[in-house]
Amino acid sequence: MSPLPPRPKRVVLLGATGSIGESALRVIAAHPGRLELVAVAAHRRLDSLAGIARRFPSVRHVGLFDGPAADAAASSGLFPAGIRLHRGSEGLIALATLPEADLVLLAVVGTAGFEPALAALQAGKDLALASKEVIVLGGKFVMAAARASKGRLLPVDSEHNALFQCLEGRTPSTVARIVLTASGGAFRDWPVERLSDVTPADALKHPNWAMGPKITVDSATLANKGLEMIEAQCLFGLHADQCQAVLHPQSIVHSLVEFTDGVMLAQLCPPSMTFPIQHALLYPDRAKGVEAPLGLDQLLQLDFRPVDETRFPLLRLAKACMQAGGAAPAVYNAANEVAVAAFLDHRLSFLDISRVVERTLDACRPAEAGDLAAVRAIDREARRVATAALSQR
Ligand code: MG
């Protein structure tokens, strides 16, 4: 057993009230000698955030991204005395760079975590990254900040955490390819002709994982796998043709690496985010998990089959963006966010999500971003084009 660290790692949790946040709080509560929660932030769920601050007396700072929610928090009397309230994106950056923090777990939905991620690395913090959109939007800036930082970039997304574990200590030139597993989402077994009638309620029934609405729809379209392929290419410095996806309905093998000699390594654990979150929070240490490991005394079936790209055009489009490089992944991400929001709002059909993304990619071909302002400008322009495409069907 490795010795306990001299003091607990001090953790900032951005995105505390979502499903990743909930799993992270379970892990932190289970390891009081190793992890100490010092700050939490949420988008706008004031009551949940206040509940977390009361459950974890070590929390000294809270943040609310939404202005009206932050106003309500200031006068609510919900937070214990002595807690400092931060607001907006400046508030997230202040929390990501708190002098006393060792590690920032970023689990903010969408791209709002981009600037806090960069700020955390620039401040020398370890960054446990669960927000894949941050890499898709501006991966080259995040990777440059990670290279210059004394902090470490630790992937939390289950596939990337699996790849990180399989690749650790390996020579990059010995890696032939990586294979990301995909559960196939809610419609993997539906006949293609029924997909035109899919409702938001259908899309929100994920077979294996309990997650927020955006990522659950992305799992059903396989846009989530597309975003993850883009993220993996960037995180691990690979060529587009070294990144593949395979359907694996049980979500037990979280990803595989194939080396140049044909040997594969895989990472297996139950389909719960507490496993990759704990790995990232305690890294490089390990400790007893908060959930039972896989039981090999029962029948454990592991099936793999190829992904049907005609059923999942958003995976094909993601691969095209990886080949194109430059700003194409950022356009893909922005268009997908606009289309999924419209679908959840009953303004767009399920099959039209990929059509809006494809139309936006065709219409919007910006040059690669040279700085952070250009990254945000590309994101805004792609959202404008995608919003216009919603009404062109
Ligand atoms: Mg994933």
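What you see is a predicted model, and the numbers here were worked out from it, not measured in a lab. Whatever order the structure lists them in is the order used to number ligands and atoms, beginning at 1.
L372 and M143 fall within a single hydrophobic cluster, where Ile, Leu, Val, Met, Phe, Trp and Tyr side chains are chained together by heavy-atom contacts under 4.5 Å.
With rounding to the nearest 0.5 Å, the separation of NE2 in H61 from CZ in R84 is 6.5 Å.
No other N/O/S atom of D157 lies as close to the Mg ion (ligand 1) as OD1 does. Shortest distance from the Mg ion (ligand 1) to E228 is reached at OE2 (N/O/S atoms only). Nearest N, O or S atom of E159 to the Mg ion (ligand 1): atom OE1.
With sequence neighbours excluded, no residue forms a ring-ring contact (aromatic ring centres under 6.0 Å, His included) with H31.
Think of V179 as one node in a network of Ile, Leu, Val, Met, Phe, Trp and Tyr side chains linked at under 4.5 Å; its network also takes in V246, I252, V253, L256, M264, L268, L294, L296, L300, L302, F304.
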